[in-house]
Amino acid sequence: MARSHEESHEIARRGASKPLYYLTMFLLVPIFRLVFAMRVSGTENVPRKGAAVIVPNHKSFWDAFFVAVCLRRRVHFMGKAELFQGRKGRLLLALGGFPVKRGESDAEAIETARAVLRRGDILALFPEGTRVPDPNALGTPRRGAARLAIETGAPLIPTVITGTEKRRLPLPRRVQVAFGEPVPVDELTATPEDASRVINEQVWPAIDQEYQRLHARPGLIAAGIAAAGIGYAIRRRRKK
C-alpha cells in the first residue's frame, strides 16, 4: 500500500530504521570504495555529534549515497517525491531520505528538514536544486540550505563530489568526495539577505574552487602515469 506524502514525513521525523541504514552502509562501503576507487578527504570537518548541514554540488542520483558512505554518522537527505513510490520509496525512507515536491513550496519537507536538525542529526541538501550533469560546470546555488542552517544553528559543510556524472559501464572514473571546513552561522539571522550572503560569498566559492581542483586532478594523475611510462620506455631504449 502506497504511503501518502504526509505519512512519509511522519516516518522521517520520527527517524526510520537505524539497523537497516547501518546494515546497508556496511554492505555499500567496500563496494563503493572498490568499484569507484573512491578518494575521500576532510571527514574530520564533519562534527562527530550535533546538527550539521552538508551542502554538496549535485551531478548524479547517487550523490547522496556517496556522501553517506564516507561518514560514520547517519545522513538524511531530500529526494524528489516521485522517487518515494512503492518499495523503492520505503527503502529510501529507511535510508534517511524524505520526499520533496519540486516546483512548489513544500512545507512538509521544510518542517521535516528542521526536525532532523533539531534532533541533532546530519542533513544533506543540494543547493543547486537539481542535477548539473556537465562535468565542467556547477549550477547556481539557492539559499534554502543556508536558511535552514541559520534557523537551527547548524554549521554548513561545503562538500565537493566529482566523477559521478554520466556514469556508464565501463566505469573508469574515480569518484572524489571532499568535505570542507565548517561555515558557522551563529551570528547570522534567518533572513533572505543573510542566507544568500553566506551561500554565495562563503560556501559556494569554496565548493567551486575545490571542485575545479579535484576535477583537474584525475587528468593530472593520468598525465603523470603516462609521462612515467614514456620515461621508462626511453630509458630502456638507451640501455639497448
Side-chain angles (χ1 to χ4, degrees), residues 42 45-46 52-68 70 75-83 97-114 116-117 122-152 154-167 173 175-185 187-219:
N45 291 320
V46 180
V53 180
I54 293 177
V55 281
N57 61 290
H58 198 11
K59 296 294 180 185
S60 164
F61 164 80
W62 296 101
D63 289 340
F65 295 94
F66 279 106
V67 169
C70 296
V75 178
H76 302 264
F77 56 93
M78 283 187 186
K80 61 182 181 180
E82 293 80 3
L83 295 174
F98 58 91
V100 59
K101 296 177 181 178
R102 298 199 301 178
E104 59 183 280
S105 178
D106 189 341
E108 290 282 353
I110 294 171
E111 185 53 39
T112 298
R114 290 193 186 110
V116 168
L117 295 172
I122 290 180
L123 178 66
L125 291 176
F126 300 99
E128 292 157 299
T130 188
R131 302 172 209 167
V132 181
D134 183 352
N136 299 308
L138 298 179
T140 301
R142 302 175 184 179
R143 60 176 180 248
R147 183 76 178 263
L148 282 166
I150 295 170
E151 287 178 352
T152 57
L156 292 156
I157 313 295
T159 303
V160 173
I161 305 173
T162 68
T164 61
E165 65 278 352
K166 298 180 179 179
R167 297 199 69 96
R173 292 194 306 280
V175 171
Q176 302 175 99
V177 182
F179 299 92
E181 294 185 4
V183 176
V185 296
E187 298 182 1
L188 302 177
T189 55
T191 61
E193 293 76 20
D194 274 5
S196 293
R197 191 177 300 115
V198 72
I199 201 76
N200 288 305
E201 296 180 12
Q202 292 182 258
V203 174
W204 209 246
I207 290 174
D208 183 59
Q209 181 178 4
E210 184 66 5
Y211 181 81
Q212 299 305 328
R213 188 182 75 83
L214 291 183
H215 185 59
R217 187 159 65 178

request  = Go through the steps to decide whether Leu188 and Arg197 satisfy the test side chain to side chain contact (heavy atoms under 4.5 Å, CB included), and finish with yes or no.
outcome  = CA-CA 10 Å; Leu188 302 177; Arg197 191 177 300 115; 5.5 Å; no

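Considering every non-hydrogen atom in both Ala178 and Leu214, the closest pair reads CB-CD1, 3.8 Å. When all heavy atoms of Ala149 and Val185 are compared, the pair lying nearest together is O-CG2, 3.6 Å. Nearest heavy atom pair, residue Pro135 against residue Glu165, reads CB-OE2, 3.6 Å. The two residues Val55 and Ala145 make their nearest non-hydrogen contact at CG1-CB, 3.7 Å. The shortest heavy-atom contact between Ile150 and Ala190 is CG2-N, 3.4 Å. Nearest heavy-atom pair, Leu117 versus Ala52, reported as atom, atom and distance to 0.1 Å: CD2-O, 3.6 Å.
With sequence neighbours excluded, no residue forms a ring-ring contact (aromatic ring centres under 6.0 Å, His included) with Phe179. Residues passing the side chain to side chain contact (heavy atoms under 4.5 Å, CB included) test with Pro141 are Pro127, Ile199, Asn200, Trp204, sequence neighbours excluded. Annotation: salt bridge (charged side-chain N to carboxylate O under 4.0 Å, His left out) contacts of Arg147 (sequence neighbours excluded): Glu151. Evaluation of the side chain to side chain contact (heavy atoms under 4.5 Å, CB included) rule for Gln202 yields Val183, Val198 as partners, not counting sequence neighbours. Under the side-chain hydrogen bond (donor to acceptor under 3.5 Å, both in side chains) criterion, Thr189 pairs with Asp194, not counting sequence neighbours. For Ala68, the side chain to side chain contact (heavy atoms under 4.5 Å, CB included) test picks out Tyr21, Met25, Val75, with sequence neighbours left out. Shown here are the salt bridge (charged side-chain N to carboxylate O under 4.0 Å, His left out) partners of Glu108, two or more places apart in sequence or in another chain: Arg13. Scanning for side-chain hydrogen bond (donor to acceptor under 3.5 Å, both in side chains) contacts around Asp63 gives His58, Thr164, with sequence neighbours left out. For Glu111, the salt bridge (charged side-chain N to carboxylate O under 4.0 Å, His left out) test picks out Arg114, Arg118, with sequence neighbours left out. Considering only residues two or more places apart in sequence or on other chains, Pro205 meets the side chain to side chain contact (heavy atoms under 4.5 Å, CB included) condition with none of them.
The local environment of CD in Gln209 is sparse, with at most 12 non-hydrogen atoms from other residues, nucleotides or ligands closer than 6.0 Å.
Side-chain contact between Lys59 and Ile161 is absent, with no heavy-atom pair separated by less than 4.5 Å. With a 4.5 Å cut-off on side-chain heavy atoms, Phe98 and Leu123 count as touching. You'll find the side chain of Leu148 reaches within 4.5 Å of the side chain of Ile110, heavy atoms only. Side-chain atoms of Glu128 and Asn57, non-hydrogen and from C-beta on, do get closer than 4.5 Å to each other. Within the 4.5 Å cutoff, no side-chain heavy atoms of Val175 are placed close to those of Trp62.
Interatomic distance, Ile207 CD1 to Thr159 OG1, rounded to the nearest 0.5 Å: 6.5 Å. In this structure, Arg142 CZ and Thr130 OG1 are separated by 7.5 Å, a value rounded to the nearest 0.5 Å. If you take CZ on Arg143 and OG1 on Thr191, they are separated by 9.0 Å, rounding to the nearest 0.5 Å. Separating the CE atom in Met78 from the OG1 atom in Thr112 is a distance of 7.5 Å, to the nearest 0.5 Å. Here the OG1-CZ distance, from Thr162 to Arg213, works out to 10.0 Å after rounding to the nearest 0.5 Å. With values rounded to the nearest 0.5 angstrom, Phe77 atom CZ is found 13.5 Å from Ile122 atom CD1.
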